[in-house]
Novice: 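First, the structure itself, so that you have it in front of you.
None of the values given here were measured: they were computed from a predicted structure. Keep in mind that the numbers below use all heavy atoms, side chains included, and drop hydrogens, waters and symmetry copies.
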Amino acid sequence: MEGRGERIGYLLSVYYDGSERRAVIKLYDPEKGEIFHIPDPYGHRPYLLTDAPPEEVGKIAGKLAARIAGVSTVEKWDALRFKPVKLTKVEAKDPLAIGGERGGGLRDLLQEAGYRVWEARIKYYECYIYDQGLKPGLPYRVLPDGRLEELMPDGSDERIRVVLTIDDSVRRELASSLAKILHFRAPHMPGVALDIEVATPKGQIPSAKEVKHPIIAAALAGEGIREVHILRRGSAQLPKCVEDATVVVHESEAEMIRTVLDKISCFPIVFTFNGDGFDMPYLARRAQELGVSPKPIRLERDRALLDTGIHIDLYQLYSNRSIQVYVFSGKYLGYTLDEIAQAILGVGKIEVGRDFTALKTEDLARYCYRDAKITYMLGTALGGRLVDLLMLFARLSKLPLEDVSRQGISQWIKNMIYFEYRRKNWLIPNKEEIMLERGAETYSRALIKGKKYLGAIVLEPVPGIHFNVYVMDFASLYPSIISRWRVSFETVNCPHEECKSNRPVEGLPHWICTHEDAGLVYRLIGVLRDMRVGWYKKKAKDPSLPKERREWYDVVQSGLKVLLNASYGVFGYENFPLYSPPVAEMITALGRKAITTALALARKMGLRVIYGDTDSLFVQGATEDQLRAFEREVERALGIDIELEKHYRYVILSKLKKNYLGVRDDGTVDIKGLMGKKRNVPDLVREAFADVIEILKGVESEEGFEQAKRMIRGKIRYYVERLKNREFTLDEVAFRMVLTRPLHTYVKTTPQHVKAARMLESRGIRVLPGTVIAYVKTKNKWGVKPVQLAKKDEVDVQKYLEIMRTTFEQILDVLGIDFGEIAGGVSEGGLSAYF
DNA sequence: AAATTCGCATAGGGCC
DNA sequence: GGCCCTATGCGAA
């Protein structure tokens with residue numbers, strides 16, 4: 001047996017063990033392929049910081065005094081006031097003594113006594129990670145006494161090269177520590193997906209709170225495992241297999257649960273879909289009810305952990321907007337398993353009735369196994385790189401893998417910043433304090449009612465077909481601004497008299513600190529930006545590197561992109577713990593300055609700008625030399641880089657902003673904003689639109705358009721004809737819209753998808769937030785019907801012709817094609833009057 | 001629990 | 001029925 005003392009493990013997570021009253025570190029042993037735990041070897045305790053004198057603390061604590069483990073004085077750097085500060089550190093025997101007891105934690109008692117507290121709302125295990133400088137996702141050597149020693153990956157070559165281009169020492173240090181984190185890919189960890197079915201009587205909603213009904217099926221799909229476990233009901237003959245899974249029949253529910261729990265214990269990664277809300281708590285509680293140990297499930301208030309692995313609830317992960325938009329490029333709309341699986345994998349759930357008890361056992365097995373299988377496929381999406389990406393986010397954010405997969409981008413960024421603050425021994429400021437010291441006011445007015453400050457500029461497009469168009473674009477505009485002008489809550493509206501004249505935006509009263517050593521956050525964001533643009537993005541495309549390496553660099557650059565994209569927005573988000581309206585306002589103002597300055601320079605140089613949005617300018621008909629000179633001028637005027645992003649053979653602009661079609665030199669088509677691309681419009685319309693795009697793709701020159709126009713007319717005529725003759729399926733004409741809230745909360749108006757959803761509900765079909773409602777427009781009094789309940793002859797064809805018209809007009813107007821003429825000129829004369 | 005603002009399409013609802 | 005504003009959802013950046 002291997003000596004315990006020299007074990008090597010990848011740090012995955014830290015949690016607080018209430019019964020042991022200490023933090024426990026969770027690691028993955030790549031040799032044995034299993035998770036192991038190291039209880040805190042440092043004697044670390046939860047604490048808060050306060051300005052109450054040490055001798056006062058005991059008195060104020062009252063009954064809680066017994067749970068104080070120690071009071072001491074510490075010195076921190078106050079980054080808001082630019083001075084060192086001496087504070088009292090109050091350590092407790094358990095985290096609940098700090099802030100957990102309702103109304104009576106030390107945090108509240110000290111505040112009620114008129115003192116201020118800091119760092120008292122940080123989760124204990126997060127605090128532990130900062131203090132020990134632990135980096136989730138990295139390998140460690142476990143020393144004989146349990147202490148962890150970071151294994152230094154050998155990435156010095158890259159590190160140095162990244163570091164070389166950076167001149168400030170704080171940034172250099174950040175870059176070097178980040179390069180180390182990002183250099184190596186973590187080892188592969190085997191995973192399994194779990195799904196259970198419960199014998200819920202018809203009409204009842206299964207709940208994990210009350211576990212009255214038996215578990216009748218549980219499926220496991222994963223690496224080297226394909227099983228569906230079934231509880232015997234009646235005497236029906238069961239097949240040995242369903243799909244590619246083995247059927248295992250159990251005589252008792254207790255035995256089945258125990259078997260399944262034992263099986264998932266063998267995997268370091270366990271995927272579920274809504275396992276926090278249902279599968280895991282149901283399994284654990286049902287086990288307890290039947291006198292079976294619920295191990296390895298560890299239930300917390302709103303999530304379920306596993307002692308033997310990392311439980312990743314894919315419902316939580318796929319509901320993360322950053323994951324949805326940037327990792328999966330918005331491919332899925334709603335947040336149900338069926339919707340996401342259909343969109344990502346092209347495979348959905350098996351359709352069955354609502355009454356599980358009436359389902360044949362074999363069909364139940366098949367249904368349950370399919371769910372587990374698609375859950376596993378979603379867990380291993382992106383060719384298996386989804387977990388790599390999570391590991392990367394864990395490394396960047398310093399959050400446990402379980403938290404990364406459950407929390408939003410603002411929590412990742414918060415944690416990343418807190419870690420660096422603690423590392424430098426800076427005091428983590430309170431939100432109220434930032435508002436007080438730096439201001440809560442904004443001075444610009446948003447264009448949209450209800451928004452807090454003015455955002456980006458969108459230039460008025462020049463309608464028409466434009467050949468030979470270059471798109472010039474500021475790479476990572478907002479992060480570049482943050483870095484270049486040193487914008488962060490530390491530096492904006494600083495207390496120094498001498499800085500007050502340093503106001504980079506006319507019309508905004510905010511100023512920026514001129515002291516070289518001020519602030520950390522803008523440097524952190526700047527370094528991440530420089531590393532992505534200057535290193536990882538290039539390396540991901542470097543053909544001299546092995547494929548494996550390139551793939552990992554692509555994971556890194558795409559992960560950094562996700563983080564950078566949100567790095568401005570969080571400062572304008574009220575619930576962000578480092579919320580700072582002046583910062584957010586300053587960043588967009590500098591963005592407007594950047595694009596208007598670039599626009600003015602372009603015009604001065606004789607370039608023809610036909611459109612631009614936020615960080616881009618569309619330049620028609622320039623020479624390479626002109627563009628290079630333009631880049632230089634912008635760099636000189638602003639100190640940030642603009643670069644050639646792409647070239648279009650031609651671009652079609654309508655009069656609408658955020659709507660265009662561009663054909664690149666290689667024939668690929670970029671379609672932005674146009675209705676024909678939106679995923680809520682019916683497939684038939686999208687299909688028609690795609691066909692028209694296909695025709696446009698082939699156009700090489702201005703002359704080519706005449707032939708293309710003829711083909712487009714024919715194509716549209718064909719689809720109009722199909723509509724008029726009802727040659728479509730209901731699915732093809734269904735609109736799909738996500739129900740974003742519970743049905744009863746739509747009180748002000750009743751949108752069409754809500755109407756359709758209510759019809760479904762009255763039939764006993766449950767519609768939860770996140771469900772995609774598919775409905776067709778009909779001639780009944782409501783104007784809509786859910787697809788499931790509608791018949792083809794109810795469809796209101798005229799409404800669809802209208803949709804078709806508005807969809808196509810966005811591009812046809814520019815081409816000089818009149819939709820009405822085409823649509824009216826075919827068959828049934830009666831309809832032509834309509835146009 | 002949730003990063004931001006800007007822009008567009010559609011329907012709903014109040015009012016004349 | 002037309003006008004105007006709001007609610008809602010989806011997309012671009």
Novice: Quick one: which of A:Tyr650, A:Tyr470, A:Tyr660 gives a ring pair (Phe, Tyr, Trp, His ring centres under 6.0 Å) with A:Phe618?
Specialist: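 For A:Phe618, the ring pair (Phe, Tyr, Trp, His ring centres under 6.0 Å) test succeeds with only one of A:Tyr650, A:Tyr470, A:Tyr660, which is A:Tyr660.
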Novice: Does a donor on one side chain sit under 3.5 Å from an acceptor on the other, for A:Tyr522 and A:Glu490?
Specialist: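 No, because no side-chain N or O of A:Tyr522 sits under 3.5 Å from a partner of the opposite role on A:Glu490.
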Novice: Within the structure shown, what part of the strands sits under 4.0 Å from A:Ile457 by heavy-atom distance: base, sugar-phosphate, or nothing?
Specialist: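 Result for A:Ile457 = nothing.
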Novice: Looking for any heavy atom pair under 4.0 Å, which part of the strands does A:Gln407 touch: base, sugar-phosphate only, or nothing?
Specialist: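 Answer is sugar-phosphate: A:Gln407 comes under 4.0 Å of backbone atoms only.
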Novice: Indicate, with a heavy-atom threshold strictly under 4.0 Å, whether A:Lys755 touches base, sugar-phosphate, or nothing.
Specialist: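 Answer is sugar-phosphate: A:Lys755 comes under 4.0 Å of backbone atoms only.
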Novice: Do A:Lys777 and A:Phe735 form a cation-pi contact, if we require the NZ or CZ to be under 6.0 Å from the six-membered ring centre and within 45 degrees of the ring's axis?
Specialist: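 Pair A:Lys777/A:Phe735 counts as cation-pi.
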Novice: Quickly work out the A:Tyr579 OH to B:dA2 C1' distance and round it to whole Å.
Specialist: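 Distance, rounded to whole Å: 15 Å.
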Novice: Which part of the nucleic acid, if any, lies within contact of A:Thr806, taking any heavy atom under 4.0 Å across all strands shown: a base, the sugar-phosphate backbone alone, or nothing?
Specialist: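 Sugar-phosphate, no base atom in range.
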Novice: Give one of base, sugar-phosphate or nothing for A:Val754, where a contact means two heavy atoms less than 4.0 Å apart.
Specialist: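 No contact at all - A:Val754 keeps every heavy atom at 4.0 Å or more from the nucleic acid.
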Novice: State whether A:Asp313 and A:Arg406 are salt-bridged, where the test is any N-O pair (Lys NZ or Arg NE/NH1/NH2 against Asp/Glu carboxylate O) under 4.0 Å.
Specialist: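 A:Arg406 and A:Asp313: not salt-bridged.
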Novice: Measuring from the side chain of A:Ser322 (C-beta onward, heavy atoms only), which nucleotide among B:dA2, B:dA3, B:dG12 has the closest atom?
Specialist: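 Closest of the options to the side chain of A:Ser322: B:dA3.
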Novice: Select base, sugar-phosphate, or nothing to describe what A:Lys678 touches, counting heavy atoms under 4.0 Å on all strands.
Specialist: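 Contact class for A:Lys678: base.
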Novice: Counting the atoms with a prime plus P, OP1 and OP2 as sugar-phosphate, which does A:Ala456 contact under 4.0 Å by heavy atoms, base, sugar-phosphate, or nothing?
Specialist: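 Sugar-phosphate: the residue A:Ala456, judged by heavy atoms under 4.0 Å, touches backbone atoms but no base.
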Novice: Between B:dA11, B:dG7, B:dA3, which nucleotide gets closest to the side-chain atoms of A:Lys777?
Specialist: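 Looking only at heavy atoms from C-beta outward on A:Lys777, the closest nucleotide is B:dA11.
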Novice: In terms of side-chain heavy atoms of A:Thr614, which of C:dA13, B:dA2, B:dA3 is nearest?
Specialist: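 Of all the options, the side chain of A:Thr614 is nearest to C:dA13.
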Novice: Where the side chain of A:Thr749 is defined as all heavy atoms beyond and including C-beta, which of C:dA7, B:dA3, B:dA9 is the nearest nucleotide?
Specialist: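 Closest nucleotide among those given: C:dA7.
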Novice: What is the distance from CG of A:Asn659 to C1' of B:dA9, rounded to the nearest Å?
Specialist: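 Result: 10 Å.
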Novice: For A:Thr740, answer base if it contacts any base atom (sugar-phosphate contacts may also be present), sugar-phosphate if it contacts only those atoms, and nothing otherwise; contact means non-hydrogen atoms under 4.0 Å.
Specialist: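 Contact class for A:Thr740: sugar-phosphate only.
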Novice: Could you state the atom-to-atom distance from NE2 of A:His753 to P of C:dA7 in whole Å?
Specialist: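 In whole Å, C:dA7 P lies 15 Å from A:His753 NE2.
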Novice: Does a salt bridge link A:Asp813 with A:Lys655, judged by any charged N lying under 4.0 Å from a carboxylate O?
Specialist: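 Judged by the 4.0 Å cut-off on N to carboxylate O distance, A:Asp813 and A:Lys655 do not form a salt bridge.
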Novice: Are A:Lys779 and A:Gln798 linked by a side-chain donor-acceptor pair shorter than 3.5 Å?
Specialist: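 Side chains of A:Lys779 and A:Gln798: no pair found under 3.5 Å.
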Novice: Tell me the interatomic distance from A:Asp613, atom CG, to B:dG7, atom P, rounded to whole angstroms.
Specialist: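 For the pair A:Asp613 CG and B:dG7 P, the rounded distance is 8 Å.
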Novice: Which part of the nucleic acid, if any, lies within reach of A:Ser567 when heavy atoms closer than 4.0 Å are counted: base, sugar-phosphate only, or nothing?
Specialist: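 Nothing: the residue A:Ser567, judged by heavy atoms under 4.0 Å, touches no strand.
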Novice: What is the distance, to the nearest angstrom, from the CG atom on A:Leu333 to the P atom on C:dT8?
Specialist: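 My rounded result for the distance is 17 Å.
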Novice: For A:Glu574, is there an ion pair with A:Lys452 - N to carboxylate O distance below 4.0 angstrom?
Specialist: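 A:Glu574 and A:Lys452: salt-bridged.
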Novice: Quantified in whole Å, what is the P atom distance between nucleotide C:dA13 and nucleotide B:dA2?
Specialist: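 Looking at atom P only, C:dA13 and B:dA2 are 26 Å apart.
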Novice: Check whether any side-chain N or O of A:Arg741 sits under 4.0 Å from OP1 or OP2 of C:dT8, and answer yes or no.
Specialist: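 A:Arg741 to C:dT8 OP1/OP2: side-chain N or O found under 4.0 Å.
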Novice: Just call it for A:Glu460: base, sugar-phosphate, or nothing, with non-hydrogen atoms closer than 4.0 Å on any strand.
Specialist: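 Answer is nothing: A:Glu460 stays at 4.0 Å or more from every strand.
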Novice: For a quick check of understanding: with a heavy-atom distance under 4.0 Å over all strands, which category does A:Gly569 fall into, base, sugar-phosphate or nothing?
Specialist: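 Since a base atom lies under 4.0 Å of A:Gly569, the category is base.
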Novice: Ignoring the backbone of A:Ile448, work out which of C:dC10, C:dG9, B:dC6 is nearest its side chain.
Specialist: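 In terms of side-chain proximity for A:Ile448, the closest of C:dC10, C:dG9, B:dC6 is B:dC6.
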Novice: Of the nucleotides B:dA3, C:dT8, B:dC8, which has the atom closest to the A:Val570 side chain?
Specialist: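 My answer, after comparing the listed nucleotides, is B:dA3.
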Novice: Counting side-chain heavy atoms from CB outward, which of B:dT10, B:dT5, B:dA2 is closest to A:Tyr453?
Specialist: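 Among the listed nucleotides, the one closest to the side chain of A:Tyr453 is B:dT5.
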Novice: Which is more 5' along DNA chain B, the nucleotide nearest A:Leu656 or the one nearest A:Tyr478? Just name the residue.
Specialist: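 Its nearest nucleotide lies further toward 5', so the answer is A:Tyr478.
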Novice: For B:dG7, does either OP1 or OP2 sit under 4.0 Å from a side-chain N or O belonging to A:Lys657?
Specialist: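 Looking at the OP1 and OP2 atoms of B:dG7, one of them is under 4.0 Å from a side-chain N or O of A:Lys657.
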Novice: Would you mind reading off the distance between A:Lys449 atom NZ and C:dT6 atom P, rounded to a whole angstrom?
Specialist: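 To the nearest whole Å, that distance equals 4 Å.
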Novice: With respect to the phosphate group of C:dG9, does any side-chain polar atom (N or O) of A:Tyr746 fall under 4.0 Å of OP1 or OP2?
Specialist: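 A:Tyr746 to C:dG9 OP1/OP2: side-chain N or O found under 4.0 Å.
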Novice: To the nearest Å, how far apart are A:Lys677 NZ and C:dA13 C1'?
Specialist: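 Taking NZ of A:Lys677 and C1' of C:dA13, I get 12 Å after rounding.
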Novice: The side chain of A:Lys658 lies closest to which of these nucleotides: B:dA9, C:dA13, C:dG9?
Specialist: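 Closest nucleotide among those given: C:dA13.
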Novice: Measure CZ/A:Arg406 against C1'/B:dA2 and give the value in whole Å, please.
Specialist: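 Computing the A:Arg406:CZ to B:dA2:C1' distance gives 17 Å.
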Novice: So what does A:Asn320 hit on the nucleic acid, given a heavy-atom distance under 4.0 Å: a base, only sugar-phosphate, or nothing?
Specialist: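 Here A:Asn320 touches no strand at all.
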Novice: Are side-chain heavy atoms of A:Tyr746 and A:Thr740 found at a separation under 4.5 Å?
Specialist: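 SC-SC contact between A:Tyr746 and A:Thr740 confirmed.
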Novice: Taking only side-chain nitrogens and oxygens of A:Tyr660, does any of them come within less than 4.0 Å of OP1 or OP2 of C:dA13?
Specialist: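 It does, given that an N or O in the side chain of A:Tyr660 lies less than 4.0 Å from OP1 or OP2 of C:dA13.
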Novice: What's the closest nucleotide to the side chain of A:Tyr573 if the choices are B:dG12, B:dT4, C:dA13?
Specialist: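 The answer is B:dT4.
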Novice: Is A:Gln810 near enough to B:dC8 that one of its side-chain N or O atoms lies under 4.0 angstrom from OP1 or OP2?
Specialist: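 Result: no.
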Novice: Under 4.0 Å between any heavy atoms, over every strand shown, what does A:Ile671 touch: base, sugar-phosphate, or nothing? Just pick one.
Specialist: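 Result for A:Ile671 = sugar-phosphate.
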Novice: Between B:dA3, B:dG13, B:dT10, which one does the side chain of A:Ser410 approach most closely?
Specialist: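 Given the options B:dA3, B:dG13, B:dT10, the side chain of A:Ser410 is closest to B:dA3.
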